[in-house]
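Below: one structure, written as structure tokens.
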Amino acid sequence: KKFEQVLMESLLIQARVEQEMTLDKRDDSPAERYYEEMFKKEGVTKEDFKATYDAYVKQPEQLKAVYQDVLNDLQQRADSTAH
């Protein structure tokens with residue numbers, strides 16, 4: 001569950017950075033700071049996350065299931081804010 005939470009937060013950071021770079025026309029990318037803040041908040045290190053992700057990459061069906069759970073969680077968030 002912790003990995004799913006951190007993965008979801010990392011996807012949200014990616015979307016935020018893309019928006020800032022595209023829509024807000026930013027030249028600098030604060031992505032590294034966003035990731036540092038997120039890892040600190042979640043109580044994991046970048047290295048721990050990368051090691052777990054790399055382990056999942058070797059098990060594509062499990063990684064696919066994790067991504068599906070994350071996408072479901074993101075959809076629930078979107079649905080709850082839309083109402």
Side-chain angles (χ1 to χ4, degrees):
K1 279 295 175 194
K2 176 60 82 172
F3 176 70
E4 286 181 18
Q5 178 65 30
V6 175
L7 182 60
M8 180 173 60
E9 293 294 331
S10 71
L11 293 174
L12 292 171
I13 288 171
Q14 289 175 10
R16 179 180 178 184
V17 168
E18 286 179 28
Q19 177 186 354
E20 289 176 354
M21 301 299 282
T22 304
L23 299 178
D24 299 340
K25 307 291 187 214
R26 288 188 69 151
D27 314 21
D28 62 328
S29 176
E32 193 62 35
R33 180 172 49 90
Y34 295 156
Y35 281 105
E36 287 174 12
E37 291 169 0
M38 183 267 297
F39 287 132
K40 184 177 180 180
K41 181 184 98 176
E42 294 297 332
V44 298
T45 66
K46 180 179 181 178
E47 294 76 19
D48 289 340
F49 175 74
K50 183 172 178 0
T52 303
Y53 187 85
D54 289 346
Y56 271 105
V57 166
K58 295 174 184 170
Q59 302 171 50
E61 287 303 315
Q62 286 185 323
L63 182 59
K64 182 179 176 181
V66 168
Y67 266 104
Q68 189 58 56
D69 288 344
V70 167
L71 292 175
N72 290 340
D73 289 346
L74 288 171
Q75 186 61 53
Q76 287 177 348
R77 277 188 180 190
D79 292 347
S80 69
T81 59
H83 299 294

Using the side-chain hydrogen bond (donor to acceptor under 3.5 Å, both in side chains) criterion, which residues pair with T45? Sequence neighbours excluded.
D48

On the 0 to 90° scale, with breaks at 30° and 60°, tag the Y53-Y67 ring pair as parallel, tilted or perpendicular.
perpendicular

Euclidean distance, N72 CG relative to E4 CD, rounded to 0.5 Å
9.5 Å

Side-chain heavy-atom pair E9, Q5 within 4.5 angstrom cut-off
yes

Applying salt bridge (charged side-chain N to carboxylate O under 4.0 Å, His left out), name anything that partners E18, two or more places apart in sequence or on another chain.
none

Who are the side-chain hydrogen bond (donor to acceptor under 3.5 Å, both in side chains) partners of E47, not counting sequence neighbours?
none

With sequence neighbours left out, the residues meeting side chain to side chain contact (heavy atoms under 4.5 Å, CB included) with R16 are E20, Y34

Mind listing the side-chain donor-acceptor pairs of residues 35-43 below 3.5 Å, one per line with the distance, residues two or more places apart or on another chain?
from, atom 1, to, atom 2, distance (Å)
E37, OE2, R33, NH1, 3.4
E42, OE1, K2, NZ, 3.3

Counterpart residues, side-chain hydrogen bond (donor to acceptor under 3.5 Å, both in side chains), relative to K64 (two or more places apart)
none

Could you work out, with salt bridge (charged side-chain N to carboxylate O under 4.0 Å, His left out) as the rule, every residue matching K50, not counting sequence neighbours?
D54

Treating T22 as the side-chain partner and Q19 as the backbone partner, does any N or O pair qualify as donor plus acceptor under 3.5 Å?
no

Mind checking the CG-CG spacing from L71 to L11? Nearest 0.5 Å is all I need.
7.5 Å

Nearest 0.5 Å, what's the CG-CE distance between L12 and M8?
6.5 Å

Would you compute the distance between atom CG of L7 and atom CG of D69 and round it to the nearest 0.5 angstrom?
10.5 Å

Which residues pass the side-chain hydrogen bond (donor to acceptor under 3.5 Å, both in side chains) test with Q76, not counting sequence neighbours?
none

